[in-house]
Amino acid sequence: YFKIIDNTPPTISIQTPAENDRIEIGTTITVDWNASDNVGISSVDVNFSTDNAITWNEAGKEIIGSNAYAWQSPNFITSNFIIQVIAYDNAGLSDTSLVGKVELYPAYPQIIGIVPSPGVIDLSVKDISIVFSRSMDSTTINKDNIEVVTKYSAKPNILYSADQNKLI
């Protein structure tokens, strides 16, 4: 009798993003890779670093059956965002691919619509909607951070619709 042992590690390479790519903070980062193994890839982990690979943050763990993963970019300005993708095979062997020098940059939301139009508002109006060009941090949208000046009513309720980027 004899035992066959898999001593061949998988191989992986990141296709996108590439070095010197620019990603806007708060948008989706999609990492695409090519991975192969003589027996098959069992899972893939995706990590990122904002401190020159001193510490790694988990973006996706034990991804199965896919060659891509997407997550929201962190709120961190840097010109050296590093992405690490690790492929594992069934024997526990692995390979790692890195891409660095990716820039994360801020882009500030703009107001793209207000209903009703700015000016004097009739007392019959029940809602004022403000639509932003991008999603907002819903944890910061509250009565303490938004000032409404009115002569005839109490502070209004604040509602944020994340799927429409709308403050009501």
Under 3.5 Å side-chain donor-acceptor pair for [X] and [Y]:
X     : Y     : value
Asn57 : Asn47 : no
Gln15 : Asp32 : no
Thr50 : Thr78 : no

Between [atom1] of [X] and [atom2] of [Y], what distance do you get to the nearest 0.5 Å?
X      : Y      : atom1 : atom2 : result
Ser133 : Asn165 : OG    : CG    : 8.0 Å
Ser43  : Lys61  : OG    : NZ    : 7.5 Å
Asp21  : Glu103 : CG    : CD    : 10.5 Å

Excluding Ile82, membership of its hydrophobic cluster (Ile, Leu, Val, Met, Phe, Trp, Tyr; side-chain heavy atoms within less than 4.5 Å) reads Trp56, Leu98

Taking the hydrophobic residues Ile, Leu, Val, Met, Phe, Trp and Tyr, and joining any pair whose side-chain heavy atoms are under 4.5 Å apart, which ones share a cluster with Ile25? Ile12, Ile14, Ile23, Ile29, Val31, Trp33, Ile41, Val44, Val46, Phe48, Ile63, Tyr69, Trp71, Ile77, Phe81, Ile83, Val85, Val99, Val102, Leu104

Asp89 (side chain) donor-acceptor with Asp37 (main chain) under 3.5 angstrom: no

Using atom types as modelled and distance alone, determine if a side-chain donor or acceptor of Tyr160 lies under 3.5 Å from a backbone N or O of Ile168. no

Please report the closest heavy-atom contact between [X] and [Y], naming both atoms and the distance.
X      : Y      : answer
Ile141 : Met136 : CD1-CB, 3.8 Å
Lys101 : Asn80  : N-OD1, 2.9 Å
Ser73  : Glu24  : OG-O, 3.1 Å
Ala53  : Ser49  : N-OG, 2.9 Å
Thr30  : Ala70  : OG1-CB, 3.7 Å
Ser94  : Pro9   : O-CB, 3.9 Å

Evaluate Glu62 against Asp45 for side-chain contact (heavy atoms from CB on, under 4.5 Å), listing each step before the verdict. CA-CA 5 Å; Glu62 297 179 3; Asp45 292 345; 4.2 Å; yes

Is any side-chain heavy atom of Pro10 closer than 4.5 Å to a side-chain heavy atom of Leu93? yes

So, do Leu167 and Ile146 sit near enough that their side-chain heavy atoms are less than 4.5 Å apart? yes

Near [X] [atom1], under 6.0 Å, is it more than 12 heavy atoms from other residues, nucleotides or ligands?
X     : atom1 : value
Glu58 : CD    : yes
Glu19 : CD    : yes
Asn75 : CG    : no

Do Ile130 and Leu159 belong together in a cluster built from hydrophobic side chains that touch within less than 4.5 Å? no

Check the pair Ser97 / Ser13 against side-chain hydrogen bond (donor to acceptor under 3.5 Å, both in side chains), numbers first and verdict last. CA-CA 5 Å; Ser97 181; Ser13 62; 5.8 Å; no

Sequence neighbours left out, what pairs pass ring pair (Phe, Tyr, Trp, His ring centres under 6.0 Å) with at least one residue falling in residues 86-139? none

